[in-house]
Amino acid sequence: MQAADALAAEGIEARVVDMTSLKPIDAGLILESAAKTGAIVTAENHSIIGGLGSAVAEVLMDEGIGLPFKRVGIQDRFCEGGTTPYLMHKFGLDAPAIADAARGVIEKKK
């Protein structure tokens, strides 16, 4: 929500969706969001491999939908311990990182 607020301050309207379940994945909501926004950023406190971003990408691919897309999450690496704010910043999971990802997919739409 902080990333959406930061984007709104720049005149960028972001649709925020809470995907409460990966299984079953809400394909209808993903397809509706893709149609409405034309770009998708997933954000998760999890590895980008096999998580929300992968599930969303599979839905889009199965439907033949190509659009600017970015997964924000833990890259394929080992992690370390620390406070939540420290780790969220270090691994690019905080609001500024999510907002940057959104700006990046918007640029790809142009």
Quiz item: Roughly how far apart are Met61 CE and Phe69 CZ, rounded to 0.5 Å?
Solution: 11.0 Å
Quiz item: Is the number of heavy atoms from other residues, nucleotides or ligands within 6.0 Å of CG (Asp62) greater than 12?
Solution: yes
Exercise. Rounded to the nearest 0.5 Å, what's the gap from CD1 on Ile106 to CD1 on Ile12? Could you check?
Key: 4.0 Å
Quiz item: Step by step, would you call Phe91 with Arg77 a side chain to side chain contact (heavy atoms under 4.5 Å, CB included)?
Solution: CA-CA 10 Å; Phe91 293 110; Arg77 62 187 282 192; 3.6 Å; yes
Quiz item: Among the clusters formed by ILVMFWY side chains lying less than 4.5 Å apart, do Val72 and Ile74 turn up in the same one?
Solution: yes
Quiz item: How close do Gly38 and Pro68 get, heavy atom to heavy atom, and via which atoms?
Solution: O-CD, 3.3 Å
Self-check item: Joint cluster assignment, Ile25 & Leu67, ILVMFWY side-chain distance < 4.5 Å
Solution: yes
Quiz prompt | Same cluster (ILVMFWY, side-chain, under 4.5 Å), Ile65 and Val56 | solution = yes
Quiz item: What is the minimum heavy-atom distance between Ala3 and Ala95, and which atoms define it?
Solution: CB-O, 3.5 Å
Quiz item: What pair of heavy atoms forms the shortest contact from Ile98 to Ala43, and how long is it?
Solution: CD1-CB, 3.7 Å
Quiz prompt | All salt bridge (Lys or Arg N to Asp or Glu O under 4.0 Å) counterparts of Glu13, not counting sequence neighbours | solution = none
Quiz prompt | Nearest-0.5 Å distance, NE2 of residue His89 to OG1 of residue Thr84 | solution = 14.5 Å
Quiz item: Which heavy atom in Ala27 sits nearest to a heavy atom in Val59, and how many Å separate them?
Solution: CB-CG1, 3.9 Å
Self-check item: side-chain hydrogen bond (donor to acceptor under 3.5 Å, both in side chains) contacts touching residues 33-61 (sequence neighbours left out)
Solution: Arg15-Ser33
Quiz prompt | Minimum heavy-atom distance Leu60-Ala34, with the two atoms named | solution = CD2-CB, 3.9 Å
Quiz item: With a cut-off of 6.0 Å (strictly less than), are more than 12 heavy atoms of other residues, nucleotides or ligands near CD of Gln2?
Solution: no
Practice problem: Go through the structure and list residues passing salt bridge (Lys or Arg N to Asp or Glu O under 4.0 Å) with Asp100, not counting sequence neighbours. | Solution: Arg103
Quiz item: Hey, quick one: are Met19 and Leu31 part of the same hydrophobic cluster, counting side-chain heavy atoms closer than 4.5 Å, chains of contacts allowed?
Solution: yes
Practice problem: Please examine the side chains of Leu87 and Glu80, heavy atoms only from C-beta on, and report whether any two atoms are closer than 4.5 Å. | Solution: yes
Practice problem: Check whether Leu93 and Val17 end up in the same hydrophobic cluster, where Ile, Leu, Val, Met, Phe, Trp and Tyr are linked by side-chain heavy atoms less than 4.5 Å apart. | Solution: no
Practice problem: Identify the heavy atoms of Gly51 and Leu22 that sit nearest to each other, and give their distance. | Solution: C-CD1, 4.1 Å
